[in-house]
Chemist: 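Got a structure here, written out as structure tokens. Questions coming.
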Amino acid sequence: MAPQRRAAPRGPESGGAAAGADRGDRRRPGSGRRSRAPQEPRWRWLTPAFLLFSAVLGGLLGWSYLSAEEGVTEVLARHREHLQDRFVEVPCSEDYDSHKRYEGCTPRKCGRGVTDSVITREEAERIRRIAERGLSLGGSDGGASILDLHSGALSLGKHFVNLYRYFGDKIQDIFTEEDFALYRDVRQRIQQRIALAFGISSSLLYLTKPTFFSRINNTEAKTTHDEYWHPHIDKVTYGSFDYTSLLYLSDYSEDFGGGRFVFMDAGSNKTIEPRAEILTRIHQLAVSEGRVSFFTSGSENLHRVEKVRWGTRYAITISFTCNPDHSIGDPVLM
């Protein structure tokens with residue numbers, strides 16, 4: 001659902017220059033026999049000057065038009081600021097009307113939130129190490145790799161494999177029960193924060209698929225699976241989604257460049273700068289926490305991820321549904 005970009009408006013036509021020259025060539029009283037040849041150099045410079053002015057004005061108008069079309073970028077969450085909680089309410093779309101509604105869970109209050117107060121820095125680092133170890137078993141030939149501990153899906157070259165079947169008992173050397181226990185605990189805390197923000201019961205939310213780690217770098221895309229940057233709507237792409245969350249596991253501008261999360265609103269894009277390990281000072285104590293963003297999954301939150309220009313961006317997408325038929329369990333070590 002990428003917004004369609006219209007052509008920039010053309011600048012003013014240059015026909016006015018000829019009209020101006022004609023007016024300048026009118027003979028004044030008493031100059032009936034005066035030759036027009038000497039006067040032509042006086043006006044000849046107007047045509048190129050007017051054309052230059054038209055080009056500049058047209059360029060400015062076109063730039064303004066495209067800027068309005070693409071939207072002014074505003075930063076919803078900067079990577080160096082510590083956010084206890086930030087929430088922006090937006091009108092709900094009609095996407096939820098085409099699905100069965102679950103009272104007390106299906107979004108009636110829509111919006112997006114950011115918090116740095118759910119996950120500690122140490123927990124974010126441990127979660128990232130889980131991602132790094134799992135993705136070390138494979139990885140995409142392109143710039144975007146995924147690891148899904150629930151289904152076992154792992155990027156490998158241009159395809160996906162089930163890591164539990166593909167690697168068998170070797171998985172016991174990669175992950176531990178403590179890893180999976182932390183994963184479940186983090187998921188539960190994010191679920192509770194979403195429920196609190198949207199005024200619903202946490203018990204009515206269910207984990208749904210896909211829920212996965214992502215690793216993105218600036219390697220050229222080899223398949224469509226590597227093209228992560230296209231605008232999309234989670235509820236349209238995955239009908240089961242009602243609420244989407246992301247836990248960022250690396251820092252914007254320090255671990256990678258580009259790669260910001262962008263909400264594409266009419267006239268004004270809102271960006272979130274990922275962070276995982278930035279230190280802030282509170283009461284003389286060093287405090288650092290992983291950043292979580294979350295939002296209702298309908299078209300009120302059309303979004304995309306900027307292309308990563310350098311470095312590596314790690315995150316985990318954790319998705320929730322109100323429909324128990326689409327629920328999945330927490331991963332278990334096989």
Side-chain angles (χ1 to χ4, degrees), residues 1-6 69-71 73 76 87-114 142-144 146 148 150-151 153 155 160 190-191 194-195 197-198 200 204-214 216 221 223-248 259-272 292-307 313 315-328:
M1 285 190 61
Q4 299 297 312
R5 182 176 297 174
R6 297 183 293 274
E69 181 81 356
E70 295 175 352
T73 298
L76 178 61
F87 184 82
V88 178
E89 187 169 352
V90 298
C92 292
S93 66
E94 298 179 354
D95 297 341
Y96 309 99
D97 296 337
S98 60
H99 298 264
K100 182 178 179 180
R101 299 190 72 91
Y102 292 85
E103 192 61 35
C105 183
T106 299
R108 293 192 180 278
K109 172 185 178 182
C110 294
R112 73 273 308 235
V114 186
I146 70 157
D148 183 339
H150 302 266
S151 69
S155 299
F160 298 93
I190 292 174
Q191 181 173 335
I194 290 173
F198 290 101
I200 61 177
L204 297 178
L205 279 178
Y206 302 91
L207 193 65
T208 194
K209 61 181 180 182
T211 286
F212 58 93
F213 289 103
S214 60
I216 304 174
T223 72
T224 55
H225 298 299
D226 298 318
E227 297 179 6
Y228 57 86
W229 54 83
H230 299 297
H232 63 280
I233 300 162
D234 289 346
K235 189 68 177 173
V236 174
T237 306
Y238 312 105
S240 63
F241 279 36
D242 289 304
Y243 301 90
T244 307
S245 68
L246 292 100
L247 169 59
Y248 301 103
R260 295 183 301 174
F261 188 95
V262 183
F263 289 110
M264 303 181 69
D265 295 339
S268 178
N269 293 335
K270 308 292 194 306
T271 67
I272 294 176
V292 175
S293 67
F294 55 89
F295 50 94
T296 46
S297 304
S299 55
E300 68 276 3
N301 282 314
L302 172 69
H303 61 276
R304 67 182 180 90
V305 174
E306 294 175 331
K307 287 186 177 182
R313 177 191 191 270
I316 177 172
T317 298
I318 303 176
S319 49
F320 297 96
T321 183
C322 297
N323 187 343
D325 293 337
H326 293 300
S327 66
I328 61 173

Chemist: What pairs with H326 under side chain to side chain donor-acceptor pair (under 3.5 Å), at least two apart in sequence or on another chain?
Modeler: none
Chemist: For D97, what residues pass the side chain to side chain donor-acceptor pair (under 3.5 Å) criterion, not counting sequence neighbours?
Modeler: R101
Chemist: Is it the case that the side chain of S155 and the backbone of I146 share a donor-acceptor pair, with hydrogens and angles ignored and the cut-off at 3.5 Å?
Modeler: yes
Chemist: Rounded to the nearest 0.5 Å, how far does NE2 of H99 lie from OG1 of T106?
Modeler: 10.0 Å
Chemist: Counting C-beta onward and ignoring hydrogens, is there a side-chain heavy-atom pair between L76 and T271 closer than 4.5 Å?
Modeler: no
Chemist: Using only atom types and a distance under 3.5 Å, with no angle test, would you say the side chain of E300 pairs donor to acceptor with the backbone of P91?
Modeler: no
Chemist: So how far is it from F261 CZ to N269 CG, rounded to the nearest 0.5 Å?
Modeler: 11.5 Å
Chemist: Taking all atoms of both residues into account, what is the closest heavy-atom pair of K109 and T296, and its distance?
Modeler: O-CG2, 3.9 Å
Chemist: Show, in sequence, the C-alpha distance, side-chain angles and deciding distance for F212 and H150, and conclude whether the ring-ring contact (aromatic ring centres under 6.0 Å, His included) test is met.
Modeler: CA-CA 8 Å; F212 58 93; H150 302 266; over 10 Å; no
Chemist: Hey, are N323 and Y206 close enough side-chain-wise for a donor-acceptor pair under 3.5 Å?
Modeler: no
Chemist: Any donor and acceptor pair, going by atom type alone, linking the side chain of T321 with main-chain N or O of S240 inside 3.5 Å?
Modeler: yes
Chemist: Hey, are the side chains of H303 and M264 touching, using non-hydrogen atoms and a 4.5 Å cut-off?
Modeler: no
Chemist: Is a side-chain donor or acceptor of T208 paired with a backbone partner of S327 at a separation under 3.5 angstrom?
Modeler: no
Chemist: I want to check something: taking the side chain as every heavy atom from C-beta on, are R304 and Y228 in contact at a cut-off of under 4.5 Å?
Modeler: no
Chemist: Applying side chain to side chain donor-acceptor pair (under 3.5 Å), name anything that partners R108, two or more places apart in sequence or on another chain.
Modeler: none
Chemist: With sequence neighbours left out, which residue pairs that include part of residues 226-247 fulfil the salt bridge (Lys or Arg N to Asp or Glu O under 4.0 Å) condition?
Modeler: K235-D242
Chemist: Any heavy-atom pair between the side chains of P107 and F198 that's under 4.5 Å?
Modeler: no
Chemist: Answer yes or no: is there a side-chain heavy-atom contact under 4.5 Å between I233 and D95?
Modeler: yes
Chemist: Please evaluate residues L207 and I318 with respect to the criterion side-chain contact (heavy atoms from CB on, under 4.5 Å), reporting the C-alpha separation (whole Å), side-chain torsions for both, the decisive distance (0.1 Å), and the verdict.
Modeler: CA-CA 8 Å; L207 193 65; I318 303 176; 3.6 Å; yes
Chemist: Between L204 and E103, which heavy-atom pair has the shortest distance, and what is it?
Modeler: CD1-O, 4.0 Å
Chemist: Flag the pair I194 / F320 as yes when at least one side-chain heavy-atom distance between them is below 4.5 Å, and no otherwise.
Modeler: yes
Chemist: Please give me the minimum heavy-atom distance between K209 and I328, naming the atom from each residue.
Modeler: N-CD1, 3.9 Å
Chemist: Tell me every residue that passes side chain to side chain donor-acceptor pair (under 3.5 Å) with E306, counting only those two or more places apart in sequence or in another chain.
Modeler: R260
Chemist: Can a cation-pi geometry be assigned to R112 and F263, taking NZ or CZ under 6.0 Å from the six-membered ring centre and within 45° of the ring axis?
Modeler: yes
Chemist: Among residues at least two apart in sequence or on other chains, which ones pass ring pair (Phe, Tyr, Trp, His ring centres under 6.0 Å) with Y238?
Modeler: F241
Chemist: So, for I272 and S293, which heavy atoms are closest and what is the spacing to 0.1 Å?
Modeler: CD1-CB, 3.6 Å
Chemist: Mind checking the CG-OG spacing from N301 to S93? Nearest 0.5 Å is all I need.
Modeler: 8.5 Å
Chemist: Does any non-hydrogen side-chain atom of C110 lie less than 4.5 Å from one of Y96?
Modeler: yes
Chemist: Looking only at non-hydrogen atoms, find the nearest pair between T317 and L246 and report the distance.
Modeler: OG1-CD2, 3.8 Å
Chemist: Going by heavy atoms in the side chains, are L205 and Y243 under 4.5 Å from each other?
Modeler: yes
Chemist: Quick one about T244 and S319 (side-chain donor to acceptor, distance below 3.5 Å, no hydrogens or angles considered), yes or no?
Modeler: no
Chemist: Say whether, by atom type as modelled, one donor and one acceptor occur between the side chain of H225 and the main chain of T223 under 3.5 angstrom.
Modeler: no
